[in-house]
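Quick notes on the structure that follows.
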Amino acid sequence: MNSPATRTRYSTLAIALHWLLGLALIGAFVVGLYMTGLPFSPQRLKLYNWHKWAGVVILTLSFVRLFWRLTHRPPHLPMVVEAAMPPWQRLAHHATHHGLYVLFFAVPLLGWAYSSAAGFSIVLFGVLPLPDFVPVSETLAEAIKPWHKLSAFAMAALVLLHVAGALKHHFIDRDGLLSRMSPR
């Protein structure tokens with residue numbers, strides 16, 4: 001296997017996890033925004049369950065992605081790209097990635113905690129009951145709810161920043177950086 005210093009592309013599994021997690025995050029965020037605006041109805045309840053299931057899947061994918069990332073070093077930024085980046089862009093690059101990894105776990109865990117505290121257990125895909133990891137407490141639920149929302153919006157902002165950076169490299173810098181993560 002090539003070393004991270006000589007490889008230019010991410011591994012096939014890293015690319016698949018990147019895009020699968022990205023699409024799942026966007027889907028869960030859009031469903032979350034939509035469902036909260038609905039009146040109480042069977043449709044709203046169904047969407048809440050789908051949103052919770054997506055959160056559990058995202059959490060699982062995040063563990064797989066983190067494990068893969070820790071055991072498989074990514075390719076280094078090409079020297080020409082790194083040399084052309086001012087220090088603030090390198091800082092933004094690393095801060096965005098680290099922030100995303102933290103939020104990959106924080107957002108679904110806060111959602112799970114909120115659901116548990118509100119007394120609504122998660123039954124994955126309607127068949128696998130998951131344990132509640134906080135006690136039922138209206139006060140606790142009300143304290144957790146804004147944190148789940150705030151962290152979800154923070155992750156959406158970081159995803160947009162990540163996408164904007166990738167598009168800048170592709171369309172303005174034309175440095176081929178996006179091809180390292182593009183599916184073939």
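Only heavy atoms go into these numbers, but all of them, side chains included; no hydrogens, no water, no symmetry mates. Residue numbers count from 1 along this sequence.
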task = Count the heavy atoms of every other residue, nucleotide or ligand shown that sit under 6.0 Å from CZ of Phe67, and state whether that count exceeds 12.
result = no
Could you see if [X] belongs to whatever hydrophobic cluster contains [Y]? Use Ile, Leu, Val, Met, Phe, Trp, Tyr and a side-chain cutoff under 4.5 Å.
X	Y	result
Val30	Trp50	no
Ile26	Met181	no
Leu124	Tyr114	yes
Trp53	Leu45	no
Tyr34	Leu25	yes

Least distance between heavy atoms, [X] atom then [Y] atom:
X	Y	answer
Val136	Ser116	CG2-O, 3.6 Å
Pro108	Gly55	CB-O, 3.4 Å
His162	Thr96	CB-CG2, 4.1 Å
Phe133	Ala113	CZ-N, 3.6 Å
Pro183	Trp19	CD-NE1, 3.6 Å
Ser182	Ser179	OG-O, 3.2 Å

task = State, yes or no, whether a side-chain contact exists between Phe104 and Leu61 at a heavy-atom distance under 4.5 Å.
result = no
Which value, rounded to the nearest 0.5 Å, describes the distance between [X] atom [atom1] and [Y] atom [atom2]?
X	Y	atom1	atom2	value
Arg180	His76	CZ	NE2	10.0 Å
Asn49	Ser115	CG	OG	8.5 Å
Ile58	Leu103	CD1	CG	12.0 Å
Phe125	Lys52	CZ	NZ	14.0 Å
Leu109	Leu59	CG	CG	5.0 Å

task = Start with the C-alpha gap between His18 and Arg65, add the side-chain angles, then the distance that decides, and say whether side-chain contact (heavy atoms from CB on, under 4.5 Å) holds.
result = CA-CA 8 Å; His18 174 270; Arg65 183 171 179 173; 3.6 Å; yes
message = So does Gly176 get a backbone contact from the side chain of His170, meaning a donor-acceptor N/O pair under 3.5 Å?
response = no
query = Side chain of Trp68, backbone of Phe63: donor and acceptor closer than 3.5 Å?
reply = no
inquiry  = Are Phe120 and Tyr48, when compared by the centres of their aromatic rings, separated by less than 6.0 Å?
reply    = no
message = With ring-ring contact (aromatic ring centres under 6.0 Å, His included) as the criterion, how do His169 and His93 come out once you've worked through the C-alpha distance, each side chain's angles and the decisive distance to 0.1 Å?
response = CA-CA 12 Å; His169 279 282; His93 165 81; 8.0 Å; no
ask   = Would you call the rings of His94 and His98 parallel, tilted or perpendicular if under 30° counts as parallel and over 60° as perpendicular?
value = tilted
